[in-house]
2 protein chains.
Amino acid sequence: MPKQNQSSDTREKPAGGKKKPPVTPSPERRGELLRIAADVFAEQGYNATTVRKIADAAGMLAGSLYYHFDSKESMLEEILRTFLTELWDGYDSVLSAPLGPRETLEALVTESFREIDRHRSAVAIYQKESKHLVAQTRFEYLVESQQRFEKAWLTTLERGVTDGVFRADLDIRLAYRFVRDTVWVAASWYRPGGGHSPEEIARQYLSMVLDGISVRT
Amino acid sequence: MPKQNQSSDTREKPAGGKKKPPVTPSPERRGELLRIAADVFAEQGYNATTVRKIADAAGMLAGSLYYHFDSKESMLEEILRTFLTELWDGYDSVLSAPLGPRETLEALVTESFREIDRHRSAVAIYQKESKHLVAQTRFEYLVESQQRFEKAWLTTLERGVTDGVFRADLDIRLAYRFVRDTVWVAASWYRPGGGHSPEEIARQYLSMVLDGISVRT
DNA sequence: CACCTTCCCTAACAAGTGTTTGGTAGATTA
DNA sequence: TAATCTACCAAACACTTGTTAGGGAAGGTG
């Protein structure tokens with residue numbers, strides 16, 4: 001990351017002039033470019049992806065990206081933030097519904113696979129990069145999201161144990177990581193239009209998580 | 001990667017002289033440096049890790065690494081190759097034993113957690129980077145390993161279905177990915193000496209995978 | 001027509017990258 | 001003591017990186 005750019009957030013705002021920046025890229029084009037960037041990030045990894053590769057995929061030159069975004073990191077942030085916002089829209093509507101613990105778990109898993117279907121690249125990026133990113137203040141919202149995520153799942157699992165629908169002899173934190181991981185790693189191999197709908201994959205996963213793969217004796 | 005180094009693999013071999021390279025680094029020091037490098041790779045990601053960071057962690061300067069290794073990529077390769085070699089040592093002894101499908105699955109899972117315990121960093125690197133690396137001819141052995149891996153697991157699962165110990169109503173390829181992922185993602189959060197031994201984690205995971213997390217009705 | 005806006009290009013920059021070359025302190029061997 | 005070997009340092013190299021500055025073509029609007 002060259003150019004330390006110490007000029008204390010110098011952007012537009014000519015000290016009392018117009019409020020908007022001098023240039024106004026269209027949101028449609030931004031979104032289009034973000035989708036392209038997300039695909040490259042997901043495929044090659046964030047650090048291995050140069051702005052020139054993104055520009056190539058978009059059919060333009062590297063410098064031209066800076067008409068729409070003010071840094072490579074901004075693209076990453078916008079991709080992840082958009083994904084998390086939509087994810088929590090879905091989760092919140094599930095969590096606020098009057099469901100039993102088992103139904104809540106089923107709904108959360110199904111909703112997760114739908115999000116993977118919609119934001120495949122963003123999920124892949126999130127999984128690979130979030131661990132390093134949380135160290136930066138710019139990406140602190142990732143930590144907050146992770147904590148809400150953990151709380152939602154742990155609460156559901158604990159409620160299930162209390163109600164007698166989930167086994168009480170399991171380490172609940174281990175079970176949490178188990179469920180969480182089994183769901184989200186699917187983004188690494190899932191391809192939309194591959195014969196399985198998100199709902200169908202969710203059903204099979206739930207069947208394994210809830211009842212196991214062994215035959216009942 | 002600067003320096004195109006077009007000189008057609010020019011390294012030692014002075015056209016008929018001594019067989020060994022002019023310098024001979026000790027294998028002990030190599031191993032030590034590789035362990036350090038693996039930790040940094042795992043924590044920061046391969047591409048985000050500069051040779052200067054590795055050198056820092058090792059208490060030396062960047063150029064000094066090139067006395068022991070001939071490139072950053074060589075370090076990565078040796079780390080992954082060492083890990084896979086030891087992994088298959090364990091797997092092969094399990095697969096050649098006269099075990100039923102359920103016992104084979106249990107042994108494979110347990111062995112996997114032992115390898116995670118031993119090669120935590122290498123496993124983390126493998127998971128993050130292998131997807132991009134397989135494109136390079138230098139890392140083709142990763143593909144071969146993945147194919148053996150898949151075959152071993154699929155065979156075991158199919159044998160279990162035939163023998164009536166695993167459920168026949170599951171998509172077997174989905175079940176394979178399910179079991180594979182649940183095991184290996186543990187490397188992302190597992191820390192040795194964290195209260196759980198590899199065997200204990202294996203038992204809990206197997207309990208969930210085989211019997212599910214719901215209470216039997 | 002002139003004017004403005006949107007979108008991209010050309011060309012460069014400074015910092016960071018993996019790597020090489022030559023040298024050298026210290027131990028080991030002859 | 002001299003020669004040799006091991007393991008490192010110091011300094012540079014060629015190249016890549018994210019980013020910027022200025023300019024210009026196309027289209028719409030007054």
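A note on names: the letters A, B, ... follow the listed sequences, proteins ahead of strands, and every chain is numbered from 1. Keep in mind that what you see is a predicted model, and the values were worked out from it rather than measured.
- A salt bridge links B:R114 with B:E199: the distance from a Lys NZ or Arg NE/NH1/NH2 to an Asp or Glu carboxylate oxygen falls below 4.0 Å.
- Atom pair A:K72:NZ and D:dT17:C1' shows a separation of 8 Å (rounding to whole Å applied).
- Within the nucleic acid shown, A:S74 has no heavy atom closer than 4.0 Å to any nucleic acid atom.
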Where do A:D171 and B:H196 land on the side-chain hydrogen bond (donor to acceptor under 3.5 Å, both in side chains) test, with the steps shown first?
CA-CA 11 Å; A:D171 182 323; B:H196 293 286; 3.3 Å; yes

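- Summarising the geometry, the separation between CD1 on B:I54 and C1' on C:dT17 is reported as 13 Å, rounded to the nearest angstrom.
- Between the side chain of B:R52 and the base of C:dG16 there is no donor-acceptor pair of N/O atoms closer than 3.5 Å.
- Contact annotation: B:S26 side-chain N/O to D:dA7 OP1/OP2 distance is under 4.0 Å.
- Distance, A:E73 CD to D:dT17 P: 17 Å, rounded to whole Å.
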Show your reasoning for whether side-chain hydrogen bond (donor to acceptor under 3.5 Å, both in side chains) applies to A:R203 and A:S197.
CA-CA 10 Å; A:R203 270 200 313 104; A:S197 72; over 6 Å; no

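- At whole-Å resolution of the value, CZ in A:F69 and C1' in D:dT19 are 15 Å apart.
- Computed from coordinates, the B:L65 CG to D:dC8 P distance equals 9 Å when rounded to whole Å.
- Summarising the local packing, CD of A:E158 is surrounded by more than 12 heavy atoms from other residues, nucleotides or ligands at distances under 6.0 Å.
- We find that A:R81 and A:E78 are not joined by a salt bridge, their nearest charged nitrogen and carboxylate oxygen being 4.0 Å or further apart.
- B:F149 and B:W184 have tilted rings, their planes meeting at an angle from 30° to 60° on a 0 to 90° scale.
- The distance between atom OH of B:Y46 and atom P of C:dG18, rounded to the nearest whole Å, is 8 Å.
- Regarding B:K53, its NZ atom lies at a distance of 11 Å from the C1' atom of C:dG16, rounded to whole Å.
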Measure all distances between protein nitrogen or oxygen atoms and nitrogen or oxygen atoms of nucleotides 8-11 of chain C, and list the pairs falling under 3.5 Å.
from  : atom 1 : to    : atom 2 : distance (Å)
C:dC8 : OP1    : A:R29 : NE     : 3.2
C:dC8 : OP1    : A:R29 : NH2    : 2.9
C:dC8 : OP2    : A:H68 : NE2    : 2.8
C:dC9 : OP2    : A:L61 : N      : 2.7
C:dC9 : OP2    : A:S64 : OG     : 2.7

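- Contact between B:L33 and B:A58 at its shortest, heavy atoms only, is CD2-CB, 3.6 Å.
- Separating the CG atom of A:D56 from the P atom of D:dG18 is a distance of 12 Å, rounded to the nearest angstrom.
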